[in-house]
Number of protein chains: 2
Amino acid sequence: MYLRGVMNQQGQPGSAIEETLRVVGDRWSILLVRAGLRGIRRFDDFCDDLGIARPVLTERLRRLVKFGIFERVRYQDKPVRYEYRLTEAGLALSPALVALVRWSEEYSQEVSSETTLVHAPCGTELEQAFWCRSCQTTFGPHAVKGVGVNDES
Amino acid sequence: MYLRGVMNQQGQPGSAIEETLRVVGDRWSILLVRAGLRGIRRFDDFCDDLGIARPVLTERLRRLVKFGIFERVRYQDKPVRYEYRLTEAGLALSPALVALVRWSEEYSQEVSSETTLVHAPCGTELEQAFWCRSCQTTFGPHAVKGVGVNDES
DNA sequence: CTACTGAGTTCGGATTTCGAACTCAGTCTC
DNA sequence: GAGACTGAGTTCGAAATCCGAACTCAGTAG
């Protein structure tokens with residue numbers, strides 16, 4: 001097989017997505033982002049909502065803050081209290097989340113097969129597509145070059 | 001099939017995405033899917049490409065097979081050899097992957113900001129959008145109802 | 001004075017991950 | 001036909017993570 005410029009062994013850069021998954025690719029981080037999108041901001045609320053262990057939550061939030069996905073905001077002074085809010089970068093993870101939710105709905109028979117993701121203004125179930133500004137068209141994953149979907153085969 | 005029966009700690013069913021992340025939400029699984037999309041199929045190639053430890057790869061592949069994302073295919077008899085191919089469900093994870101790659105490129109500090117994802121026919125950098133069949137429009141994450149993106153704010 | 005809140009820390013034990021070396025059947029090279 | 005090689009794993013002990021439960025610390029409320 002041919003490796004195209006991706007060195008991932010020791011301390012090498014690795015591709016962008018590998019770094020990203022090193023930050024966000026654990027069992028909790030994406031769930032934390034989702035909780036953030038649902039409006040959860042406080043330590044104890046994350047804890048209760050996800051059932052994550054406190055020390056792990058502490059460490060995870062610290063890391064997500066460090067990588068600019070959440071920010072730690074003082075929201076009260078008397079007893080000093082902080083909460084965690086998604087940054088713009090954190091919000092920008094929502095397409096990935098939506099894709100995961102859609103996949104979950106389609107391939108996990110389990111439980112409600114009710115559609116949970118809709119276009120807010122009209123209530124229609126949403127589709128996810130790629131958009132080409134030049135061509136003014138939408139297209140599916142097979143016309144994407146770069147993840148390797150269409151490399152060789 | 002697929003994800004039926006995945007429980008969280010307390011034995012509760014949990015929402016669809018929680019189950020999904022329980023299967024796919026670790027440091028390696030998504031990278032394995034990506035490697036699969038890039039055409040990698042053999043045990044040793046996954047190993048070399050990702051630098052994943054062999055015992056972990058064994059366990060991870062077994063799980064992904066169990067949940068219908070990869071299938072284990074005998075491709076040779078003389079010495080019996082198996083390889084791992086993405087199933088349809090596995091391929092269907094590509095939108096999530098693409099979303100992550102795009103996010104990585106845009107927000108991940110470090111490394112080249114060269115565009116790696118393009119619309120194959122024309123070479124334009126792709127955008128990712130949601131598509132409403134009823135309205136015949138694309139829209140961004142803020143018009144999505146269901147992940148909580150539009151709760152308050 | 002006591003109880004409670006919120007955001008953490010500390011603890012010891014259980015689980016997961018790691019790299020390196022080993023296995024095992026068959027095949028290729030000399 | 002002896003030795004090296006291949007591919008798909010296992011086995012090992014050490015190191016890193018994860019866990020729940022209990023504790024801390026500042027301030028507030030009764």
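The chains referred to below are lettered A, B, ... by the order of the sequence lines, with proteins before strands, and numbering in each begins at 1. All values reported here derive from a predicted model rather than from experimental measurement.
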**Prompt:** Roughly, in whole Å, what's the span from CG in B:Asp45 to P in D:dG9?
**Reply:** 13 Å
What's touching nucleotides 13-15 of chain C from the protein side, N or O pairs under 3.5 Å?
none

**Request:** Would you mind reading off the distance between A:Asp48 atom CG and C:dG6 atom P, rounded to a whole angstrom?
**Result:** 10 Å
**Fill in**
Apart from B:Tyr75 itself, its cluster of hydrophobic side chains linked below 4.5 Å comprises none
Side-chain polar contacts of residues 43-55 of chain A - donor-acceptor pairs under 3.5 angstrom, sequence neighbours left out - could you list them?
residue	atom	partner	partner atom	Å
A:Asp44	OD1	A:Arg54	NH2	2.9
A:Asp49	OD1	A:Arg38	NH2	2.9
A:Asp49	OD2	A:Arg38	NH2	2.9

**Message:** Measuring to OP1 and OP2 of D:dG9, would you say a side-chain N or O of B:Arg72 lies under 4.0 angstrom away?
**Reply:** yes
**Item:** B:Leu32 CG to C:dT17 P, straight-line distance once rounded to whole Å
**Value:** 12 Å
**Message:** Restricting to salt bridge (charged side-chain N to carboxylate O under 4.0 Å, His left out), what partner residues turn up for B:Arg62, sequence neighbours left out?
**Reply:** none
**Request:** Quick one: name the residues clustered hydrophobically with A:Val73, using the 4.5 Å side-chain heavy-atom rule over I, L, V, M, F, W, Y, and just say none if it's on its own.
**Result:** none
**Request:** Ignoring backbone atoms, establish whether A:Arg62 has a side-chain N or O less than 4.0 Å from OP1 or OP2 of C:dT9.
**Result:** yes
**Message:** Do B:Leu31 and B:Val56 sit in one hydrophobic cluster, given that two such residues count as connected whenever their side-chain heavy atoms are within less than 4.5 Å of each other, even indirectly?
**Reply:** yes
**Gap between atom CG of A:Leu57 and atom CG of A:Leu32 - 0.5 Å precision** = 6.0 Å
**Message:** With nearest nucleotide decided by heavy atoms, which residue, A:Ala53 or B:Leu61, maps closer to the 5′ end of DNA chain D?
**Reply:** B:Leu61
**Message:** Would you say CD of A:Glu88 has more than 12 non-hydrogen atoms from neighbouring residues, nucleotides or ligands within 6.0 angstrom?
**Reply:** no
**Asked** Whole-Å distance between D:dA8 P and B:Arg41 CZ?
**Response** 13 Å
**Request:** Work out which heavy atom in A:Thr87 is nearest to a heavy atom in A:Gly68; give both atom names and the distance.
**Result:** OG1-O, 2.5 Å
**Asked** Rounded to the Å, how far apart are A:Arg22 CZ and C:dC18 P?
**Response** 11 Å
**Prompt:** Counting side-chain heavy atoms from CB outward, which of C:dA7, D:dC18, D:dA8 is closest to A:Arg60?
**Reply:** D:dC18
**Whole-Å gap separating P (C:dA7) and CZ (A:Arg74)** = 13 Å
**Request:** Flag the pair B:Glu83 and B:Arg81 as a salt bridge only when some basic side-chain nitrogen lies within less than 4.0 angstrom of an acidic carboxylate oxygen.
**Result:** no
**Request:** Give A:Phe46 one of three labels, base, sugar-phosphate or nothing, depending on what nucleic acid heavy atoms sit under 4.0 Å from its own.
**Result:** nothing
**Asked** Taking only side-chain nitrogens and oxygens of A:Arg27, does any of them come within less than 4.0 Å of OP1 or OP2 of D:dC19?
**Response** yes
**Message:** In this structure, how many angstroms lie between the P atom of C:dG6 and the OH atom of A:Tyr75, rounded?
**Reply:** 7 Å
**Prompt:** In whole angstroms, how far is the P atom of C:dG8 from the CD atom of A:Glu59?
**Reply:** 13 Å
**Message:** Taking any heavy-atom pair under 4.0 Å as a contact, classify B:Tyr84: base, sugar-phosphate, or nothing.
**Reply:** sugar-phosphate
**Item:** Proximal nucleotide (of C:dG19, C:dG8, D:dA8) relative to the B:Pro55 side chain
**Value:** C:dG19
Dump the pairs, protein N or O against N or O of nucleotides 22-29 of chain D, anything under 3.5 Å, distances to one decimal.
none

**Request:** Measure from the side-chain heavy atoms of B:Thr58 and tell me the nearest of C:dC18, D:dT10, D:dA8.
**Result:** D:dT10
**Request:** Mind checking A:Tyr82 for me? I need base, sugar-phosphate or nothing, with any heavy atom below 4.0 Å counting as a touch.
**Result:** sugar-phosphate
**Prompt:** Does A:Trp28 have a side-chain nitrogen or oxygen under 4.0 Å from the phosphate oxygens OP1 or OP2 of D:dC19?
**Reply:** yes
**Asked** Under 3.5 Å, is there a donor-acceptor pair between the A:Arg72 and A:Tyr84 side chains?
**Response** yes
